[in-house]
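What follows is a single structure, written as C-alpha cells, with notes after it.
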Amino acid sequence: MDGVLSQKSVSKTLLNSLARWELILLVSCGALAVVLHQTFRAPLNLPGRHGIEWMALLILGRALSQRRYAGSLASVGAAATSMLPIWGFDDPFMPLIYLLPGLVMDLAFWMLPKLQGKLAFLILLGGLAHATKPLARWVIALTSGWAYGSLFYGVAYPVGSHILFGLIGGFLGAAIALGSQKLASKL
C-alpha cells in the first residue's frame with residue numbers, strides 16, 4: 001500500500017461523482033419548472049401554457065440521460081418543490097399532477113426504445129405527457145368533487161391546449177437535447 005489510487009478506483013470515483021451530479025441536475029430540472037411556473041403566473045386563461053417550459057425541461061433531461069428513471073426523477077423534483085408552502089399552490093393534488101408526466105415519459109422510453117433519439121417521438125411525447133395534467137384533474141374532479149376552473153366548460157379544450165403547449169415544449173427540449181448531442185459527437 002503506497003497510498004496511490006489505482007486507475008480503476010479513480011475511474012469509479014469519477015463515475016460515482018458524475019452520477020450524483022446527473023441525479024442532482026434531473027431533480028433540479030423539475031424544481032426549476034415549478035419555480036418558473038410560479039414566477040411567471042399571469043392570468044392569461046390559456047390552460048397548459050406552462051407546458052412550454054415544463055416539457056422543455058423534462059424532455060431535455062429525459063433525452064440527455066441514460067437513466068431509465070430520468071423523467072420520474074425530474075418529476076419528483078417538481079412534485080417535492082410544489083409541496084413547499086412558499087409557492088402557494090391551493091391544489092392538494094399538485095404533487096401527483098407533477099409526477100405523472102415523468103412516469104409517462106419513462107414508460108414510453110421503456111416501451112419504445114428505438115424511438116428515443118427521434119425528434120418527432122420526443123415532440124409527441126411532450127404533448128402527450130403534458131396532457132396528463134387535465135386528464136388527472138378530470139379524474140380527480142369526478143372522484144373527489146374537487147373543482148377545477150380549467151374544466152368548467154369541459155375537458156376537451158384543456159386537453160387540447162395542454163397537448164399544444166406540450167408539443168411546443170417538447171420541440172424546444174428535443175431540439176436542445178438532440179442538437180447538443182450532435183454537436184458533442186463532432187467534437
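Numbers here simply count residues along the sequence, with the first being 1.
- Linking ILVMFWY residues whenever their side-chain heavy atoms come closer than 4.5 Å, directly or via other members, leaves Leu122 and Leu64 in distinct clusters.
- Heavy-atom minimum distance, Gly30 versus Trp54: CA-CZ3, 3.8 Å.
- Between Ser75 atom OG and Ile97 atom CD1 the span is 12.0 Å, to the nearest 0.5 Å.
- For residues 93-105, no pair satisfies salt bridge (charged side-chain N to carboxylate O under 4.0 Å, His left out), with sequence neighbours left out.
- Identified under the ring-ring contact (aromatic ring centres under 6.0 Å, His included) test for residues 162-187, with sequence neighbours left out: His130-His162.
- The two residues Ala108 and Leu125 come nearest to each other via the heavy atoms CB-CD1, 3.6 Å.
- Looking at residues two or more places apart in sequence or on another chain, you find no side-chain hydrogen bond (donor to acceptor under 3.5 Å, both in side chains) involving Thr81.
- The closest donor-acceptor contact from the side chain of Ser82 to the backbone of Ala79 lies under 3.5 Å.
- Residues meeting the side-chain contact (heavy atoms from CB on, under 4.5 Å) test with Leu112, sequence neighbours left out: Leu115, Phe121.
- By the side-chain hydrogen bond (donor to acceptor under 3.5 Å, both in side chains) test, Gln38 pairs with Arg41, sequence neighbours left out.
- Put simply, the side chain of Pro95 does not reach to within 4.5 Å of the side chain of Leu99, judged on heavy atoms.
- Residues Lys133 and Pro101 are not in side-chain contact: their nearest non-hydrogen atoms beyond the backbone lie 4.5 Å or more apart.
- Residues passing the side-chain hydrogen bond (donor to acceptor under 3.5 Å, both in side chains) test with Tyr148 are Asp91, sequence neighbours excluded.
- Each of Ile52 and Leu57 belongs to its own hydrophobic cluster when Ile, Leu, Val, Met, Phe, Trp and Tyr are linked at side-chain heavy-atom distances under 4.5 angstrom.
- Legend: ring-ring contact (aromatic ring centres under 6.0 Å, His included) pairs involving residues 63-83, not counting sequence neighbours: none detected.
- Rounding to the nearest 0.5 angstrom, the gap separating the CD1 atom in Ile59 from the SG atom in Cys29 is 11.5 Å.
- Residues passing the side-chain hydrogen bond (donor to acceptor under 3.5 Å, both in side chains) test with Ser161, sequence neighbours excluded: none.
- Taking all atoms of both residues into account, the shortest heavy-atom contact from Leu100 to Ala136 is CD1-CB, 3.5 Å.
- Taking both residues in full, the closest heavy atoms of Ala141 and Leu151 are given as CB-CD1, 4.3 Å, listed atom of the first, atom of the second, then distance.
- Screening residues 106-122 for salt bridge (charged side-chain N to carboxylate O under 4.0 Å, His left out) gives Arg62-Asp106 as the qualifying pairs, with residues at least two apart or on separate chains.
- Shown here are the side-chain contact (heavy atoms from CB on, under 4.5 Å) partners of Ser65, two or more places apart in sequence or in another chain: Glu22, Leu26, Arg67, Ala70.
- A heavy-atom distance below 4.5 Å is not found between the side chains of Leu103 and Leu107.
- Taken to the nearest 0.5 Å, the CG atom of Leu23 stands 9.5 Å off from the CZ atom of Arg20.
- Note on Met111: it clusters hydrophobically with Leu58, by side-chain heavy-atom contacts below 4.5 Å among ILVMFWY residues.
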Donor-acceptor contacts, no H, no angles, side chain residues 178-187, under 3.5 Å, sequence neighbours left out:
residue	atom	partner	partner atom	Å
Ser180	OG	Ile176	O	3.0
Ser180	OG	Ala177	O	2.9
Gln181	NE2	Ala63	O	3.3
Ser185	OG	Lys182	O	2.7

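- No single ILVMFWY cluster, assembled from side-chain heavy atoms under 4.5 Å apart, contains both Leu25 and Met105.
- Tyr98 is not connected to Leu32 by any chain of hydrophobic side-chain contacts under 4.5 Å among Ile, Leu, Val, Met, Phe, Trp and Tyr, and they are in different clusters.
- Listed by first and then second residue, the salt bridge (charged side-chain N to carboxylate O under 4.0 Å, His left out) pairs that reach into residues 51-60 come to none, sequence neighbours excluded.
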Show your reasoning for whether side-chain contact (heavy atoms from CB on, under 4.5 Å) applies to Val159 and Ile163.
CA-CA 6 Å; Val159 168; Ile163 289 172; 3.9 Å; yes

